[in-house]
Visitor: 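Could you have a look at this structure, given as structure tokens, before my questions?
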Amino acid sequence: MKALLITGDRSGSGKTSITLALAALLKKRGIVQTFKVGMDYIDPSYLSAVSGRPCRNLDNFALGDRQVRDIFSFGCRGADFALVEGVRGLYEGAEALDDTGSTAAIAKTLDLPVVLVVSAQSITRSAAAIVKGFQAFDPDVRIAGVILNQVKGGSHKEKATRAIEYYCGVPVIGAIPRMDEMQLAMRHLGLVPYREGAGRGDFDERIRTITDIIGRYVDLDRLLALAKGIPSCQKASLLNPSPEQDVRIGVAYDEAFNFYYADLFDVLPSLGASVVQFSPVHDRLPDADGYIIGGGYPELFVPELEANDRIREAIRDVSKNGTPIYAECGGLMYLTNRMVLNKGWQGRETELSGAMCGVFPGETRMPARRVVSYVEGVSNAQCPMGAARFRGHEFHYSEVALDPSTKFAYKLSRGIGIREMLDGAVIKNTLGSYTHLHPVGSREMFRNFVDGCRSRK
């Protein structure tokens with residue numbers, strides 16, 4: 001199997017579109033396993049779709065090095081190619097003076113060669129200075145090749161390529177012209193999730209166009225020549241399913257709720273829990289021993305969620321009965337009394353309000369300030385996730401205003417949470433938080449959840 005990592009010199013370098021297209025092109029030659037650095041849901045939805053295999057997240061803020069290697073090895077089983085997409089610039093991370101949470105840290109942990117995407121708009125020889133600086137900044141990161149993006153023409157490409165190969169000693173394996181077709185549709189939190197856009201003719205055509213462009217301007221054979229050969233790994237993993245599945249957990253999954261790390265659907269079976277998916281937009285609530293409602297864009301489906309009053313009432317009833325429920329971000333919003341979209345948000349001419357589940361007294365409002373942050377904290381034993389230290393991520397554009405008497409299970413030392421660095425609202429065995437947990441990094445918390453579901457049987 002061959003593996004390499006694609007990263008950028010900055011956010012907006014074009015690495016996401018390029019990695020997406022490379023995964024689609026490599027799939028024509030074999031089985032492709034994709035990975036995404038960082039705590040992110042939307043880029044992985046694209047990479048999963050074009051590769052046909054779940055894209056897995058790698059982040060050494062939320063995960064230990066051993067966990068990163070285990071996820072990588074488990075994901076790569078049966079694959080011919082492994083392609084890792086970085087996050088932001090190569091060295092951006094959680095801190096200023098170390099590489100925690102960065103693409104560089106993952107490259108070193110997995111010992112992968114790096115292809116650096118450089119936005120070369122309006123520069124030629126200076127592109128070599130950028131690459132040289134990236135090489136010198138951390139010699140333990142192996143920059144094996146360069147892809148130039150935003151190239152104006154033949155002279156521009158020739159000068160930048162000659163300078164990089166002469167001064168930096170690495171090949172330029174692609175030079176992509178500046179063109180509008182390389183832009184993917186954006187929304188208030190980033191790219192449109194693949195599940196939402198797929199099936200629209202213009203959307204699907206744009207992805208095909210990007211793949212065709214990258215196929216013309218990046219030399220795939222030279223790219224593969226830079227990749228590292230690694231043996232296929234068949235060792236036992238913590239992600240292998242348990243032989244006995246004695247707990248049934250319902251996981252909300254549809255166009256409104258689809259922000260999940262792929263490993264969740266391996267971690268739960270590894271803990272003895274089978275998964276049944278359901279749609280809060282379309283379905284009735286399935287019988288289960290516990291429920292997980294992840295994040296997503298519920299604010300875009302307020303009328304549809306309100307209209308399915310049968311499932312909203314059922315969720316409220318099982319919560320009152322003490323069935324364990326774990327809800328993250330969009331799931332938390334769904335569990336409040338109502339969701340309100342303010343006049344002016346995304347061009348709205350009037351305010352829109354819709355009834356939600358009413359598990360937590362209070363309401364959700366959109367928009368509020370944009371929050372993107374790593375999270376660190378401790379949970380107490382009076383919640384379905386149990387007492388633990390945890391690291392995670394919060395990413396939202398809403399405000400959840402809960403009743404002043406609300407109890408919280410999470411006390412944060414980093415991040416914002418629901419209010420005043422408190423997160424994880426609790427009522428009976430229901431927990432709702434803005435914090436997104438990685439199911440491998442927080443495996444013991446998910447074990448506590450599954451055990452709590454088991455005890456309710």
Side-chain angles (χ1 to χ4, degrees), residues 252 257 280 290-296 298-299 302 305-306 309 312-345 351-390 392-437 445 448-449 452:
F257 302 96
Y291 299 92
I292 295 175
I293 309 173
E299 65 270 21
V302 170
L305 290 169
E306 182 181 44
D309 53 358
R312 291 190 292 107
E313 291 170 4
I315 290 172
R316 186 164 59 248
D317 288 344
V318 297
S319 175
K320 286 181 179 178
N321 292 337
T323 299
I325 300 175
Y326 172 60
E328 288 186 348
C329 200
L332 163 68
M333 295 159 61
Y334 181 55
L335 293 185
T336 62
N337 287 335
R338 66 176 185 151
M339 197 178 304
V340 181
L341 309 184
N342 293 338
K343 178 182 177 180
W345 180 67
E351 181 180 277
L352 174 66
S353 176
M356 296 293 115
C357 295
V359 172
F360 293 113
E363 69 175 23
T364 300
R365 281 197 168 266
M366 295 281 297
R369 67 167 171 156
R370 187 172 184 263
V371 175
V372 182
S373 175
Y374 277 119
V375 169
E376 191 167 5
V378 294
S379 61
N380 63 44
Q382 283 70 54
C383 77
M385 307 304 281
R389 293 186 177 275
F390 62 84
H393 180 253
E394 56 186 342
F395 187 12
H396 60 89
Y397 204 10
S398 65
E399 178 185 16
V400 170
L402 300 181
D403 186 272
S405 64
T406 300
K407 295 180 180 179
F408 295 93
Y410 294 177
K411 184 175 182 180
L412 305 182
S413 55
R414 178 177 185 148
I416 295 172
I418 296 174
R419 68 172 182 233
E420 299 172 348
M421 298 184 76
L422 296 174
D423 204 3
V426 177
I427 183 166
K428 293 198 172 179
N429 280 326
T430 297
L431 183 146
S433 73
Y434 269 133
T435 297
H436 294 281
L437 298 174
M445 296 178 75
N448 291 334
F449 180 79

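When reading the values below, keep in mind they use all heavy atoms of this one structure, side chains included, and skip hydrogens, waters and symmetry mates.
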Visitor: What closest approach, in Å, do Pro324 and Phe449 show between heavy atoms, and which atom pair accounts for it?
Guide: CB-CE1, 3.7 Å

Visitor: Are any side-chain N or O atoms of Glu328 and backbone N or O atoms of Leu437, one a donor and one an acceptor, separated by less than 3.5 Å?
Guide: yes

Visitor: Which value, rounded to the nearest 0.5 Å, describes the distance between Phe360 atom CZ and Ile418 atom CD1?
Guide: 7.0 Å

Visitor: I need the Leu402 CG to Phe408 CZ distance, nearest 0.5 Å.
Guide: 5.5 Å

Visitor: To the nearest 0.5 Å, what is the distance between CG on Leu431 and OG on Ser379?
Guide: 8.5 Å

Visitor: So, taking the atom named OG in Ser373 and the one named OH in Tyr434, what distance separates them when rounded to the nearest 0.5 Å?
Guide: 13.5 Å

Visitor: Would you say the side chain of Arg312 lies within less than 4.5 Å of the side chain of Glu306, judging by non-hydrogen atoms?
Guide: yes

Visitor: Could you give the distance from CZ (Arg338) to CG (Leu352), rounded to the nearest 0.5 Å?
Guide: 10.5 Å

Visitor: Have a look at Tyr326 and tell me which of Ile292, Asn429, Ile293 forms a side chain to side chain contact (heavy atoms under 4.5 Å, CB included) with it.
Guide: Ile292

Visitor: How about Thr430 and Tyr291: do any of their side-chain heavy atoms sit closer than 4.5 Å?
Guide: no

Visitor: Main chain of Cys357, side chain of Arg316: is a donor-acceptor contact present, judged purely on distance under 3.5 Å?
Guide: yes

Visitor: Assess the residue pair Glu299 and Trp345 against the criterion (side-chain contact (heavy atoms from CB on, under 4.5 Å)); give the C-alpha distance rounded to whole Å, side-chain angles, the decisive distance to 0.1 Å, and a yes or no.
Guide: CA-CA 11 Å; Glu299 65 270 21; Trp345 180 67; 3.6 Å; yes

Visitor: Heavy atoms, side chains only, cut-off 4.5 Å: are Thr406 and Leu422 in contact?
Guide: no

Visitor: Looking only at heavy atoms, which two atoms of Gly362 and Thr336 are closest? And how far apart?
Guide: O-CB, 3.6 Å

Visitor: Does a side-chain N-to-carboxylate-O contact under 4.0 Å join Glu399 and Arg365?
Guide: no

Visitor: Apply ring pair (Phe, Tyr, Trp, His ring centres under 6.0 Å) to Tyr334 and list each qualifying residue two or more places apart in sequence or on a separate chain.
Guide: Phe257

Visitor: Gly432 and Asp423: which non-hydrogen atoms are nearest, and at how many Å?
Guide: O-OD1, 4.4 Å

Visitor: Which heavy atom of Gly358 sits nearest a heavy atom of Asn337, and at what distance?
Guide: CA-OD1, 3.2 Å

Visitor: Are side-chain heavy atoms of Ile416 and Glu394 found at a separation under 4.5 Å?
Guide: yes

Visitor: Ignoring hydrogens and angles, state whether a donor on the side chain of Asp403 or Ser405 is under 3.5 Å from an acceptor on the partner side chain.
Guide: yes

Visitor: Determine whether Pro280 and Leu305 make a side-chain contact, defined as any pair of heavy atoms from C-beta on separated by less than 4.5 Å.
Guide: yes

Visitor: So which heavy atom on Met333 is nearest to which on Ser398, and how close?
Guide: SD-OG, 3.5 Å

Visitor: Does a side-chain heavy-atom distance below 4.5 Å link Phe390 with Leu412?
Guide: yes

Visitor: Under 4.5 Å between any side-chain heavy atoms of Lys407 and Asn380, yes or no?
Guide: no

Visitor: Between CE of Met339 and CE of Met366, what distance do you get to the nearest 0.5 Å?
Guide: 8.0 Å

Visitor: Using only atom types and a distance under 3.5 Å, with no angle test, would you say the side chain of Lys428 pairs donor to acceptor with the backbone of Ser319?
Guide: no

Visitor: Find out whether Met356 and Thr364 are in side-chain contact, i.e. whether some heavy atom of one side chain is under 4.5 Å from a heavy atom of the other.
Guide: no

